[in-house]
2 protein chains.
Amino acid sequence: MTLTPLQQDFVLHFGEMGSRWGINRTVGQIYALLFLSEEPLNAEAITSALSISRSNTSMGLKELQSWNLVRLRHRPGDRRDYFTTPDDLWEIVRTLIAERRKREIDPTLTTLRELEMRGSTGDPYAEARIAELRELIEMMTQFHDEMNRLETERLVQLMTMGRKLGGLLEKTNKMKFWGTNDT
Amino acid sequence: MTLTPLQQDFVLHFGEMGSRWGINRTVGQIYALLFLSEEPLNAEAITSALSISRSNTSMGLKELQSWNLVRLRHRPGDRRDYFTTPDDLWEIVRTLIAERRKREIDPTLTTLRELEMRGSTGDPYAEARIAELRELIEMMTQFHDEMNRLETERLVQLMTMGRKLGGLLEKTNKMKFWGTNDT
DNA sequence: CGTCCGTTTCAGAAATTTCTGAAACTCAGA
DNA sequence: TCTGAGTTTCAGAAATTTCTGAAACGGACG
């Protein structure tokens, strides 16, 4: 399988970016390729399109699956696995954030809580700092949970509001909105 | 300089996490150490606290400076540089997001725009997919810009509202809020 | 049961990143 | 201008990550 120049360059870019994103070049390239392919691809097609080894493709796909970033498809009478990315970009973003949180945030939260469990250590400043950090992270993850609960349409709406957010907060404050509207 | 067990474990954890965050172990450790230190530290103190080489410390600090994650202090009659992290955790988060965006998002946006410039390539699906992705990223960065514009207090308020967000959107829709309140 | 088609695992090779010690550099004060 | 405390740079060493080819594995079908 051979790529158009557009696909080529897109794939190469995501390969490069991969490194900055904590995934490796190959994984980035595989994902980029799937993202641009209308039809699902099997491992063999990916291998030849990217000129990498079959086992490297296998590793990459495994990694992408562990990130929930690809979907598995099958063709009748063909037992090879075919891979695609979701059509809905928002779904992709959600997954990305969720997985990143799982890997980057949650373990830290656990550690911070453990450190707090120790009780007094003779280093009040450090203790306070850790507690403060834990609280901040908790607040942000809760917010994320709430955002996740919104359907795509509402989310887009929220993001589109843009500069109106500040004004909105102001207004709702005046209205004593928060105490009374516990949907 | 020697660390308390609490500092030790916190520092080690951030060292480990560092790898998942696209910064290296040492940089993570240096940052963690500064984060827990009430007093600013100089390079020598960091070197001995973490048992790393002086030049490694220097590299790490340089990297942290390039991320805008540390502040420089000076003591009268001492020309060594002393480093701290900002007291305000929200400021840290803002910086982190801003820098991450600069490294991980902006280059991609540029590339996507370049790819679109090419015009028709005989691969309409790929073109559409790229355009869609570019739009999504633009929307998210704009939203980020707007959030950044809010002062910390308002931001906390927004995050705290949690589950009320969905209801709020509903309500404001009914009120035809968006067309009329262009603060 | 054996074969075939496909996937996964794994140990070593290759590439990349991180870390170190030594040398070069900077600049304030004598 | 020289000295010396402090910082930065850099080439190679060490460690880590990624990639490969070969071998093991799995399970559908005759």
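A, B, ... follow the sequence lines: proteins, then strands. Residue 1 opens every chain. For clarity, every value in this text was computed on a predicted model and none was experimentally measured.
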Review point. For the hydrophobic clusters of this structure (ILVMFWY residues joined by side-chain heavy atoms under 4.5 Å, transitively), does one cluster hold both Leu41(B) and Leu3(B)?
Key: yes

**Study point:** Residues forming a salt bridge (charged side-chain N to carboxylate O under 4.0 Å, His left out) with Glu151(A), sequence neighbours excluded
**Key:** none

Review point. Can Leu115(A) be reached from Tyr31(B) by stepping across I, L, V, M, F, W or Y side chains whose heavy atoms are under 4.5 Å apart?
Key: yes

Review point. Counting only non-hydrogen atoms, which of residues 39-59 of chain B are less than 4.0 Å from DNA chain D?
Key: Arg54(B), Ser55(B), Ser58(B), Met59(B)

Study note, to complete from the structure: In short, salt bridge (Lys or Arg N to Asp or Glu O under 4.0 Å) pairs touching residues 55-67 of chain B with sequence neighbours left out are none

Review point. Which nucleotide span of DNA chain D, 5' end to 3' end, has atoms closer than 4.0 Å to non-hydrogen atoms of chain B?
Key: dG4(D) to dT16(D)

Review point. Can Arg100(B) and Thr95(B) be counted as having a side-chain donor-acceptor contact under 3.5 angstrom?
Key: no

Check your understanding: Quick one: side-chain contact (heavy atoms from CB on, under 4.5 Å) partners of Thr108(A), sequence neighbours excluded?
Key -> Leu112(A), Ile137(A), His13(B), Phe14(B), Met17(B)

Practice item. Scan for salt bridge (Lys or Arg N to Asp or Glu O under 4.0 Å) pairs involving residues 22-38 of chain A, sequence neighbours excluded, and state none if there are none. Key: none

Practice item. Specify the separation, in whole Å, of atom CG of Asp78(A) and atom C1' of dC4(C). Key: 14 Å

Under 3.5 Å, N/O pairs linking protein and nucleotides 23-30 of chain C:
none

Check your understanding: Does Arg54(B) offer a backbone N or O that forms a donor-acceptor pair with the side chain of Ser58(B) under 3.5 Å?
Key -> no

Exercise for review: Take Phe83(A) and Arg25(B), find for each the nucleotide of DNA chain C with the closest heavy atom, and name the residue whose nucleotide sits nearer the 5' end.
Suggested key: Phe83(A)

Check your understanding: Got a sec? Which of residues 61-68 of chain B come in under 4.0 Å of DNA chain D, heavy atoms?
Key -> Lys62(B)

Point to revise | salt bridge (Lys or Arg N to Asp or Glu O under 4.0 Å) partners of residues 84-94 of chain A, not counting sequence neighbours, each pair once | key: Arg71(A)-Glu91(A)

Review point. Sequence neighbours excluded, which residues qualify as side-chain hydrogen bond (donor to acceptor under 3.5 Å, both in side chains) partners of Glu99(B)?
Key: Asn68(B), Lys102(B), Arg103(B)

Practice item. Go through the side-chain N and O atoms of Arg79(A) and His74(A) and say whether any donor and acceptor fall under 3.5 Å apart. Key: no

Point to revise | Test side-chain hydrogen bond (donor to acceptor under 3.5 Å, both in side chains) applied to Asn24(A) - qualifying residues, sequence neighbours left out | key: none

Exercise for review: May I have all residue pairs that pass salt bridge (Lys or Arg N to Asp or Glu O under 4.0 Å) and include part of residues 112-123 of chain B, sequence neighbours excluded?
Suggested key: Asp9(A)-Arg118(B), Arg113(B)-Glu138(B), Glu116(B)-Arg134(B)

